[in-house]
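Each chain gets a letter, A, B and so on, in the order its sequence line appears, and its residues count up from 1.
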Amino acid sequence: MTFIDRELARDLLRRMQTIRAFETRVEDLFKAGELPGFVHSSAGQEAIAVGVCHHLTRTDYITSTHRGHGHAIAKGISLDAIFAELYGKEAGACHGRGGSMHVADFSIGMLGANGIVGGGFGIATGAALAIKYQRRGEVAVCFFGDGAANKGTFHEALNFAGVHELPVVFVCENNRYAQFTSASRTTAVTDIAVRAGSYGIAGDSIDGNDLVTVIESAGQAIERAKNGGGATLINMLTYRHSGHFVGDAEQYRSRDEVEASKELQDPIVRFVQRMMDVGVLTEAEVDEIEAAVGVQIDAANDFAVAAPYPEPADALRHVWTVGSPQ
Amino acid sequence: MTFIDRELARDLLRRMQTIRAFETRVEDLFKAGELPGFVHSSAGQEAIAVGVCHHLTRTDYITSTHRGHGHAIAKGISLDAIFAELYGKEAGACHGRGGSMHVADFSIGMLGANGIVGGGFGIATGAALAIKYQRRGEVAVCFFGDGAANKGTFHEALNFAGVHELPVVFVCENNRYAQFTSASRTTAVTDIAVRAGSYGIAGDSIDGNDLVTVIESAGQAIERAKNGGGATLINMLTYRHSGHFVGDAEQYRSRDEVEASKELQDPIVRFVQRMMDVGVLTEAEVDEIEAAVGVQIDAANDFAVAAPYPEPADALRHVWTVGSPQ
Amino acid sequence: MTTKRMTFGQATLEAMQFAMDEDPNVIVVGEDISWGGNFGQFRGLIDRYGESRVVDMPISESLIVALSVGAAVAGLKVVASMSFVEFTLGAMDEIVNQASKFRYMFGGQTSVPIVLRASDGIRGSSGSQHSSSLEGLFCNIPGLKVVAPSNGNDAKGLLRAAIADPDPVVYLEHKKITGQRAAVIEGDFFVPLGSATVAREGADISVVTYSNMVNIALEAATVLEDEAISVEVIDLRSLVPLDVDTIAMSARKTGIVLAAHESWTFGGFGAEILAQVREALPEQPELCTHRLGARSAPIPFSPALEPAVVPGISDLIAEIRRIVGR
Amino acid sequence: MTTKRMTFGQATLEAMQFAMDEDPNVIVVGEDISWGGNFGQFRGLIDRYGESRVVDMPISESLIVALSVGAAVAGLKVVASMSFVEFTLGAMDEIVNQASKFRYMFGGQTSVPIVLRASDGIRGSSGSQHSSSLEGLFCNIPGLKVVAPSNGNDAKGLLRAAIADPDPVVYLEHKKITGQRAAVIEGDFFVPLGSATVAREGADISVVTYSNMVNIALEAATVLEDEAISVEVIDLRSLVPLDVDTIAMSARKTGIVLAAHESWTFGGFGAEILAQVREALPEQPELCTHRLGARSAPIPFSPALEPAVVPGISDLIAEIRRIVGR
Ligand SMILES: Cc1ncc(C[n+]2csc(CCOP(=O)(O)OP(=O)(O)O)c2C)c(N)n1
Ligand SMILES: Cc1ncc(C[n+]2csc(CCOP(=O)(O)OP(=O)(O)O)c2C)c(N)n1
Ligand SMILES: [Mg+2]
Ligand SMILES: [Mg+2]
């Protein structure tokens, strides 16, 4: 445990709390009718995004999902840019064209949230092929859900990654539900990591709500990838605190189940406890970090609210079409 | 081996020889420019089609591939109907609309050869779902190639079959090549049966050129399926004697490799040898069967050649379209 | 003939029940289907018909369609919920290469009685992957039938007809109207595929449209009435088969046709409507034909841009004014 | 400007080499690609550029496109061989939901420089799954560009332009012309996307077409010359962007437009051509517009039926005679 010193602990906690605070604020704003479209919250899954991205540089790649806010923040997107994007403002990361399900920041290797479940497998694999071809020392990480693991795209990508020993890590955020359906109803073998054997790649199955475990497992996989050891498939067990989308009635799971997980499995609470137990962090520090994060979220939201919408006249910018500005 | 008596041995040999003779004739006819389109020969793979279909009744289902002549014949299609189909005649199994890659006979549960690699996985799974829903005691068998195993449709179907323990058997005709590319270049784990573990179903890997082994392995899987034991994935090693399609220059494999397989692995030669060793069949019988088959093939070809083409005026029959005969 | 006010979703639920009560071989499959599907149109079916007839599917769109085809040729009639229409693209191979071709390619040996229900159109900032209308793709594929009701009553009658139809039917339901209420005829009835209806009579211009654009056109007609512009609104209801007679009759009367839809203008179905009406009225070369649809860009997320790409009531009104020159 | 006679396939091979020599980030992926692909258009590239730039893909169409997208956003330019155009349907999700939308949806942060080469059209009894032309689908999708050369020279110049283009380009090559010889300009050159050409000048009627139908139209024009019917043939070369000016100029001259293609008439691209020319010539309401395409059925296998569904030279000649009234 010693490898987590005070500085690192503060940094990791700040990242997790930033995601939690962002998602919480977004939920409130959405329920208050302040945000357009619909949004998916990753609250409860912060340890995976933060633990994995802890090992990544700006030039490493990630592909994300419909539940992508946490991945983007962990990879380093500016809070102003992601908040403005959720409002559909021109200052957004995608100039308002994308929205919550398509948040992307290519300048830091964040190749996009994706509204198509399973859409990231092949894209991450292609990015890994480019890395290998150009002999760059980077890695591509594909975040996906337990439900996405049932898409054929999973199979096609992992087989190819296995054949070419590509520098890619497939991280399953296994929160045990796909929308309203529990994984056991639709997935023959729910420990996704078992499938690594079908593709001759490394596999691991871990507690995805324990930040330290995530850091260790992801670290090994990413090191393997960067050292030419090929791909890894990691099944990370977690739980989403909110409904599938904000507004979900959640009839498919019991309040008790949700509360129990929040109480006993919350990745932030567990990390804080652990760090305090070993004396790396103090309660005062934790509160101070939480407060600082709150201020940042306020500032980013204020920025986004004040930012202007795109010009309707620019509706055709960024796509080829007759007479459109290229 | 005693379970194969003289009658059965004669019948099995007749079926394998019928397929071999049919494919050989088709190749000759195609090379002579007598047949339209293009054709794929299953010569060399007869033991799989015959050994699996040996266990099936007219009401069991099979889905086939682009290399489907053998499956259709083993399932019991009339030689007149398949030959006429290859010529595009109205008397063909599909009234000439389908051709070699779409030979089908729904009256005997042959749900069609398929020009889309991997097209059969979901169709066989759906047929199995219908069987289970209607509480019929039947089974659906999906024949597919080693190359098809890399399609995402493989994954989606086997996962679902695993979840619902469907009465379906997935039979991989692993002839080690997909068109011109050897399986090892595109498949991370070439023993396809390994993947059974990813879906919680039974798996088996066998010598697909040994008819007796095929009969035993397929028999167990089909019995399991019919008794509610769920799906099975069987990897059957085999080899195609001809090119991918008739006319293929075959630069991707050595003459020696082909000749060696023909000499040592020919499923018909091996079965005959085995039956003669144990005194179940005599050389005379074998010759007599071969001769009888030749006569049937001649008759079917004569029938097909003489049969009329469809009427151009009926080009829109069998599809909904403005003013078409329904 | 009494009617009852209910939502589009409830109306289709009634049609589902008549179909499922009448024929035990009708089953429903889809993601989260036991929870009613993404828009609740299937809510309650699970309690009435149980898990064997209301089958939760993994996130495996290719399988959903292939399995439907397989179950259909094995004796069932399958209604598949595809959720957002963009997800059908993950099953386009199964829809086009298998479902649409089976009856013809196999010479009429089988038909494929499946209904693919998909939600299309904009709902307000759902983003590029959850806002499209794709009828332009389906209507170009022979063997498929395509319907797009504009109200609950037609939704009910068309769904009945679609399930009874022997061919694959793509049933498109606009997100904005799934929750809309309308007067729906009580009891069981069919709206035959291929029958358009005059939603409003008018003398100056014929707006030929379908799905939610019908409702927009009716609003526009009311507004334009005050300007003494008399707008006739044709609700196609069914795109394939297309009721050319009803379109032609209206065009003959008004002399001006405006084909309007939410989907992209370029390469879209509007061009087909215009071509059909001209071919139907060769004696009327002076006929004026116009079209209104989305501009050539993915549907943007930003509330400021979406209406600049997808036509709404103001665009329709402006276009009608321009055409009739007032 | 000297020319050399070579096949369409050889001409594209030259374009591939200029592109690959010029830019080390251009790679080629596809099934059996190291063997030259299904029609040999890539033969020899493996020897010249090696396995890292000429990548054999598993039979995984979804992956082929998704991987191309991922590699492209990570810095490569990818030419993907999709073999028969029907196989692109297995990647429609990746083509439409990912490739075509990325640049716009992500606000111009990235572009997707990929070329999808696919062989379409009839070759003589290839059957329903290997004979279609699907440009009608691609042309309705904003963000995609679509080209369909009719001869080796354009094939070479268009491929060069397609690879250099920042957006995804669907490059359609007709099976019948891949092996056809033509005079091809030596050395490196581009045919800009969106530039049609007058393949033959005429006065009585404008046949607006592309791909192999251009060659059929040129033959027809020669035949009709003897009947004193002067046919102008417009070779669009590129469908998206569409060179409306060249079409309009011809239409203004002849007053009669016949849009002709091999793909299905209903919902096909011909209707778009006619709509575009009318929108371009509002001052010419008396313009006559006609179209010729395949009838609404899957392409049949039988040599007796294929020509009854897909239009050939006799159909084109008859239609032109009918239109000009002689
Ligand atoms: C191809 C496709 N199918 C279905 C959907 C609808 N959908 C959105 S999220 C979701 C569940 C995804 O579950 P999982 O992969 O476990 O991710 P989670 O939501 O649990 O994070 C579904 C079915 C979609 N967006 N894309
Ligand atoms: C979806 C699809 N992709 C590609 C092809 C082209 N193709 C036809 S057969 C074949 C190889 C199939 O290999 P395998 O599954 O091993 O069957 P085999 O030919 O060896 O019997 C390919 C790539 C196709 N028909 N369908
Ligand atoms: Mg999940
Ligand atoms: Mg093979």
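Under 4.0 Å is where a charged nitrogen must lie from a carboxylate oxygen, and between C/Glu86 and D/Lys101 no such pair does.
Contact of C/Ser100 with chain D is made through the backbone alone, with heavy-atom distances under 4.5 Å. Heavy-atom distances place the backbone of C/Thr265, and not its side chain, under 4.5 Å from chain D. Only the side chain of D/Leu242 comes within contact range of chain C, with heavy atoms under 4.5 Å apart. Of the two parts of C/Val146, neither the backbone nor the side chain holds a non-hydrogen atom closer than 4.5 Å to a non-hydrogen atom of chain D. Neither the backbone nor the side chain of C/Leu287 comes within contact range of chain D; no heavy atoms are under 4.5 Å apart. With a threshold of 4.5 angstrom between heavy atoms, C/Pro285 approaches chain D through N, CA, C or O but not through any side-chain atom.
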Task: Pair C/Ser133-C/Ser263, side-chain hydrogen bond (donor to acceptor under 3.5 Å, both in side chains): steps then yes or no - done: CA-CA 5 Å; C/Ser133 296; C/Ser263 63; 5.6 Å; no
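Side chain to side chain, C/Arg237 and C/Ser195 meet the donor-acceptor criterion of an N or O pair below 3.5 Å. Counted by atom type alone, C/Asp204 and C/Thr254 present zero donor-acceptor pairs between their side chains at under 3.5 Å.
Aromatic ring centroids of D/His130 and D/Phe301 lie 6.0 Å or more apart.
Ranked by heavy-atom pairs under 4.5 Å with chain C, the first of D/Met105, D/Arg278, D/Glu279 is D/Arg278. Counting heavy-atom pairs under 4.5 Å between each of C/Pro298, C/Ala271, C/Ala275, C/Gly268 and chain D puts C/Pro298 at the top.
Minimum interatomic distance between D/Glu31 and D/Ile59 (heavy atoms only, all atoms of both residues): OE2-CA, 3.5 Å.
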